[in-house]
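Notes to accompany the following structure.
Convention: sequence-line order gives letters A, B, ...; per-chain numbering from 1. Computed from a prediction, not measured in an experiment: that's the story for all the values here.
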2 protein chains.
Amino acid sequence: MNLITIKDIAKLAGVSYSTVSKALNGDPRIKPATKQKVLAIAEKHQYRKNILAQQLSTGRSNIIGFVLGELSNPLFSNISGKLHAELKKRGYQMILVVAHDGVDVFSQLRVDGCILWDNALDYQDAFWKKFSALTMPCFVLGTDESLSSPYIKVDRKEGIFKAVEYLNSLGHTRIGFIGNSQNIKLEGYKEALQRTGLNFEEDYVLPAHSSWEDGYFAIRNYSFGVNAPTAFIGLNNLVTRGALRGLLEAGYNVPRDISLIGYDDLPDMQYAEVALSTIGPELDELAVQAAELIVSLIRDEVVDYPIVIQPKLIHRSSTAVYRGELFDE
Amino acid sequence: MNLITIKDIAKLAGVSYSTVSKALNGDPRIKPATKQKVLAIAEKHQYRKNILAQQLSTGRSNIIGFVLGELSNPLFSNISGKLHAELKKRGYQMILVVAHDGVDVFSQLRVDGCILWDNALDYQDAFWKKFSALTMPCFVLGTDESLSSPYIKVDRKEGIFKAVEYLNSLGHTRIGFIGNSQNIKLEGYKEALQRTGLNFEEDYVLPAHSSWEDGYFAIRNYSFGVNAPTAFIGLNNLVTRGALRGLLEAGYNVPRDISLIGYDDLPDMQYAEVALSTIGPELDELAVQAAELIVSLIRDEVVDYPIVIQPKLIHRSSTAVYRGELFDE
DNA sequence: CTGAAAGCGCTTACAG
DNA sequence: CTGAAAGCGCTTACAG
């Protein structure tokens, strides 16, 4: 643990330690020769700046916190990885905290800023209040609400609309939705039907929370009678993959009998038994936007908000033209 | 940003700030009444200890670093999540860093300890050297090597042996291995064949690195002629799932025609088209052991090592008795 | 039971 | 171009 400090270097170099500090930080006022000497000594002794001390002194940590509700959904590890990479490019470390108590952690750790993934809000209002009381730059990523502070919105309603419109353009008129745990998507679904001139049937919304099993059982427990949907939209990547398995096991051919499109575009989706068509935000873009926004906020720059990310439709093999046989009267 | 400090509280409470510090830290020498007053004021003004200052002062950060090679393999997000939870139970924050430069980050951040997932070692020797030069408690998780400092070993060879033995007990004598990027597993495979009295055929090792696609194409590019394997072991979760898809698309029935068992036990494995039999360490156990070890090391306790984790075989639907028809001469 | 003081390793006006 | 000094917000012997 006996690491070399700025004072040791000062002694070795025969200068004051404030000079060492400046040389190390590239202060232009330091004479090149002095700088050289200091850097050489630092290098030789493997000097490592004590970030803690620097942070205490400057009041900044160069760490950005990312609050997530959970890690079990592949979407989150994917986003975390990309965000981590983008932040690093900009000189920041990212630390990940699994929601709920995330805010408390950050108010203690004094990160420079933090990003909250919207899903964490599903659970606790109190959480959101604490969050907005934070005295550091922070914003919500992927929210649907309109907030009075900067945020990045994912236009999920519009995404669902694109999916409905697309399925309708393939001739489907009975389009179901698998999953009832995210209001905004359900609303988007209803509005999309309306905009497309289709009827909403209570019966077309299959109950499913968010897991693979939920999607699977939603389908297995559904009775496909006359006028059953010929196309489904899945709430998220897990639900959709579970539903696909359910449909195949129930003996339906996807997409010949039933079309399926899933929310969230992850690698897993294209590797499903039937490569899944998807709708969802482009995750690379999401990460870039998030990284840039938090950096701007930390720098106290003026930012326009909301930043809106439009989900993209990706056509693969799980959606096809309506054949007008199955389930018709 | 104008957070209240220990000095403000001292002024408010009419005591010295060292007294405040002690009261806040539950020092028993402080009179209960004083302590009450201090705590009340702290509470009232939402005092938050500046962890940075505390860390600088005590030299400890209560943060543990976890170095990973990548985040794209679901195995890693799974382990990260579990480890995070276990560390939190023990009063530590975990920060995740994507390998390669992980060590540098930690030597700067001065975490209290760090854990390195073995895979990161596949790529750089230099990395390992830096790692072992770290002046903080640290250990390698999931290694196969014998090290001179504490480590947690996953006995992959024994795991592969169990898989081979199991397949052999089902009557399979031609057992292939999909994946050639991890020497230890290949060695385990060869040794297992030997121990089981089976022949090793160069041709039974299908080249595949580590991704889903690698597994898929390994199978699609393989020519299943006479004496082809009737059972395969997949290198990891992704390769195995890719291989399963490959087999199914090639028209084989799994497990009737060909049995498949995959390394890594993750939820995804049981949700594959055919619920995959697996071999692999129990991840909850892995996380618990890792958390306990790092905490012990930080506390300078004597620990026995290596800690060895034995992979477990889980039988699901992708493995069945050899029928002796396909590929036989 | 409490307080004055030194110290953790940096940064940064300020003076020279 | 360089240095002395104060300060970031805590903890912790040490003295009383």
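Legend: residues meeting salt bridge (Lys or Arg N to Asp or Glu O under 4.0 Å) with A:Glu292, ordered by chain and number and at least two apart, are A:Arg90. Evaluation of the side chain to side chain donor-acceptor pair (under 3.5 Å) rule for B:Ser16 yields B:Ser18, B:Thr19 as partners, not counting sequence neighbours. Residues that satisfy the salt bridge (Lys or Arg N to Asp or Glu O under 4.0 Å) test with B:Asp8, not counting sequence neighbours, are absent from this structure. Remark: B:Asp155 pairs with B:Lys153, B:Lys157, B:Glu158, B:Val308, B:Gln310, B:Pro311 by the side chain to side chain contact (heavy atoms under 4.5 Å, CB included) rule, at least two apart or across chains.
When all heavy atoms of B:Ala13 and B:Lys37 are compared, the closest pair comes out as O-NZ, 3.3 Å.
Spacing between atom CZ of B:Arg29 and atom C1' of D:dA13 amounts to 9 Å, rounded to whole angstrom units.
Considering CZ of B:Phe139 and CD1 of B:Ile152, their distance stands at 4.0 Å, rounded to 0.5 Å. Here A:Leu266 contributes atom CG and A:Phe76 contributes atom CZ; the two are 10.0 Å apart, rounded to the nearest 0.5 Å.
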Writing each nucleotide of DNA chain C 5' to 3' as (, ), [, ], | or . by Watson-Crick or G-U pairing under 3.5 Å yields |||.||||||||.|||
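For the P atoms, the distance from C:dC1 to C:dA5 is 24 Å, rounded to whole Å. Nucleotides C:dC14 and C:dC10 place their P atoms 24 Å apart, quoted to the nearest Å.
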Sub-3.5 Å pairs of nitrogen or oxygen atoms, protein against nucleotides 9-12 of chain C:
unit_1 : atom_1 : unit_2  : atom_2 : d
C:dG9  : N2     : A:Ala53 : O      : 3.3
C:dC10 : OP1    : A:Tyr47 : OH     : 2.9
C:dC10 : OP1    : A:Asn50 : N      : 3.4
C:dC10 : OP2    : A:Ile6  : N      : 3.0
C:dC10 : O5'    : A:Tyr47 : OH     : 3.2
C:dC10 : O2     : A:Ser57 : OG     : 3.3
C:dT11 : OP1    : A:Asn25 : ND2    : 3.1
C:dT11 : OP1    : A:Gln54 : NE2    : 3.2
C:dT11 : OP2    : A:Ser21 : OG     : 2.4
C:dT11 : OP2    : A:Asn25 : ND2    : 3.1
C:dT11 : O4'    : A:Ser57 : OG     : 2.7

